[in-house]
Amino acid sequence: MLRMTRRGVLAAASAATASAFVPARFAIGGVAKVKVGLMLPYSGTYAGLGEAITNAFKMAVAEKGGTLGGREVQFVALDDESHPGKAPENTNKLVVGEKVDFLVGTVHSGVAMGMLRVVGETGTITVIPNAGANAATGPLCGPNIFRTSFSSWQACYPMGKVAVDRGLKKVVTITWKYAGGDEMVGGFVENFTKSGGTVVEQIQVPFPSEEFQPYLTQIAALKPDGVFTFFAGSGALKFVKDYAAAGLKPIQLMGPGFLTDGVLAAQGEAAEGVLTTLHYADALDIPENRTFRAAYKNAFGKEADVYAVQGYDAAQVLAHGMAAVNGDTGAREALIAAMEKAEIRSPRGLFTFSKAHNPVQDIYLRQVQGRQENVVGIAHKALSDPARGCRMA
Ligand code: BEZ
């Protein structure tokens, strides 16, 4: 394992950045592979999310003949374990140790914060295929940092007004205690209170605990009109099942779509009626989504979900940039400029990037009806994250 002082990291990092400018073509006429680092969770609560992102990223590259900008791709995958404390060291392993040309990561917002501090110094072109940390396209934004997923604020702000419009005036919030959970609840609460709602209680569960019973008893005693929650992966699967088993289904359960995405089939009847907002829905009836879902099912034998979409689009944006520079990673400014201008034909619908490099996208209102995730409307059209604190916006 790499162990370095901060000065050592910076020295090695600038050497790594310089190496990105080595011409792609070797003198003997061969073409160097482009190295993509995948820093994702492959174990623990978010393992399924990391797998879906990886699958779909590789599928998008395979659709381009295994290349980006005409250069064959070499993948280096690293399990970040959703462990924020290990994030700087793990990022350095890929950026400094492996000298990747591009970094794709990660899922957990706390891990993303540590990763961003490193790539903010090294300048490695990084695409975030999930983590919603507002800071990534806020105070920690940078020319080399792109996100193909969402900001936590963006995924949850629209639900605040939806809840009030549906007569849910008194709400309890419950989430894991870490940046991802806090910020998702924050986005909801901002719009909910502005629209006239009252937050009765805000419950925080240590990450990644799935012991929900005492909190469900507390919610039952508080008798709110609704519960807003963020859990994802195996935590979301268990929470929705435990909520139903505790007899709480008459209290409207809502949250960002991570509550059901990727786990809906396993949640079964317990998920019926759950109301969510998200930038994607399985049932979106557009050609890009139909083609994507069929290809994913064919390749991996399972249904695609929002995480797969975000991974697919991470490859799409890199492909767009690399095509513009004919695979020359040394043409950094032109590469970044092309990525900034990309119009991504995503399975979620067309999206563009904001000045802070976050998707400007529709946020759908979805409800589980008859075991399916149905789109019941657009909660917010072309929503752009406010990019608070980003000097580029
Ligand atoms: C996050 O930490 O930002 C996150 C994790 C899982 C799903 C969605 C967001």
Side-chain angles (χ1 to χ4, degrees), residues 39-54 56 79-87 90 104-116 126-138 140 145-157 159 173-188 204-210 228-240 254-264 267 274 276-281 304-311 313-314 348 358-359 361 363 366 385:
M39 179 166 144
L40 291 163
Y42 296 113
S43 59
T45 309
Y46 289 158
L49 288 58
E51 183 196 318
I53 291 167
T54 304
D79 179 9
D80 70 23
E81 302 166 52
S82 294
H83 194 312
K86 293 185 182 171
N90 281 333
V104 176
T106 185
V107 165
H108 183 291
S109 275
V111 177
M113 301 286 277
M115 179 192 80
L116 287 170
T126 299
V127 183
I128 302 171
N130 185 72
N134 292 335
T137 49
L140 297 183
I145 294 155
F146 287 78
R147 175 152 56 190
T148 55
S149 50
F150 57 90
S151 74
S152 301
W153 179 93
Q154 190 182 35
C156 299
Y157 180 83
M159 187 62 97
T173 67
I174 175 165
T175 186
W176 275 316
K177 181 165 177 41
Y178 81 95
D182 294 346
E183 290 180 359
M184 298 230 192
V185 165
F188 167 79
Q204 292 181 314
V205 181
F207 179 85
S209 169
E210 295 179 6
F228 179 87
T229 184
F230 161 73
F231 292 106
S234 61
L237 168 57
K238 175 125 189 318
F239 184 79
V240 169
M254 55 194 154
F258 315 111
L259 199 53
T260 52
D261 250 70
V263 287
L264 182 61
Q267 285 167 337
V274 172
T276 57
T277 46
L278 201 65
H279 48 288
Y280 177 67
D305 56 22
V306 68
Y307 309 108
V309 171
Q310 296 166 171
D313 291 342
R348 76 188 84 173
N358 194 64
Q361 56 193 345
I363 304 295
R366 311 131 29 110
D385 178 84

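Each ligand, and each atom within it, is numbered from 1 in the order the structure gives.
- Between the side chain of Asn134 and the backbone N or O of Ser151 there is no donor-acceptor pair closer than 3.5 Å.
- A side chain to side chain contact (heavy atoms under 4.5 Å, CB included) with Thr106 is found for one member of Leu116, Leu49, Asn130, Asp80 and no other, namely Asp80.
- In this structure, Arg366 pairs ionically with Asp261, as a charged nitrogen and a carboxylate oxygen lie closer than 4.0 Å.
- For ligand 1, the atoms closer than 4.0 angstrom to any heavy atom of Ala232 are 6 (C), 7 (C).
- Of all protein heavy atoms, the one lying nearest to atom 3 (O) of ligand 1 is Ser109 OG, 2.7 Å.
- Contact check for Gln361 versus Tyr280: no side-chain heavy atoms found under the 4.5 Å cut-off.
- Side-chain contact of His279 with Gln154: a donor-acceptor pair under 3.5 Å is absent, judged by distance alone.
- For ligand 1, none of its N or O atoms has an N or O atom of Ser152 under 3.5 Å away.
- Residue Tyr307 has no nitrogen or oxygen atom sitting less than 3.5 Å from a nitrogen or oxygen atom of ligand 1, judged on distance alone.
- In this structure, Thr277 contributes its side chain and Ala155 its backbone to a donor-acceptor pair below 3.5 Å.
- Applying the 4.0 Å criterion to heavy atoms of Tyr178 picks out, from ligand 1, the atoms 1 (C), 2 (O), 4 (C), 5 (C).
- The shortest N/O to N/O separation between Gly132 and ligand 1 falls below 3.5 Å.
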Practice problem: Show the numbers, then the answer: is there a side-chain contact (heavy atoms from CB on, under 4.5 Å) between His83 and Asn90? | Solution: CA-CA 10 Å; His83 194 312; Asn90 281 333; 5.9 Å; no
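- Judged by the shortest distance from any of its heavy atoms, Glu183 lies outside the 4.0 Å radius around the atoms of ligand 1.
- Note on ring orientation: taking the six-membered ring where Trp is involved, the planes of Phe150 and Phe258 are tilted (angle from 30° to 60°).
- At a 4.0 Å heavy-atom cut-off, ligand 1 does not touch Phe231 at all.
- Of all atoms in ligand 1, numbered sequentially from 1 with element shown, those under 4.0 Å from a heavy atom of Ala131 are 3 (O).
- Nearest protein heavy-atom neighbour of atom 8 (C) of ligand 1: Asn130 ND2, 3.5 Å.
- Per-residue contacts place His108 under 4.0 angstrom from the following atoms of ligand 1 (heavy atoms of the residue considered): 2 (O).
- The atoms of ligand 1 that sit less than 4.0 Å from any heavy atom of Phe150 are 8 (C), 9 (C).
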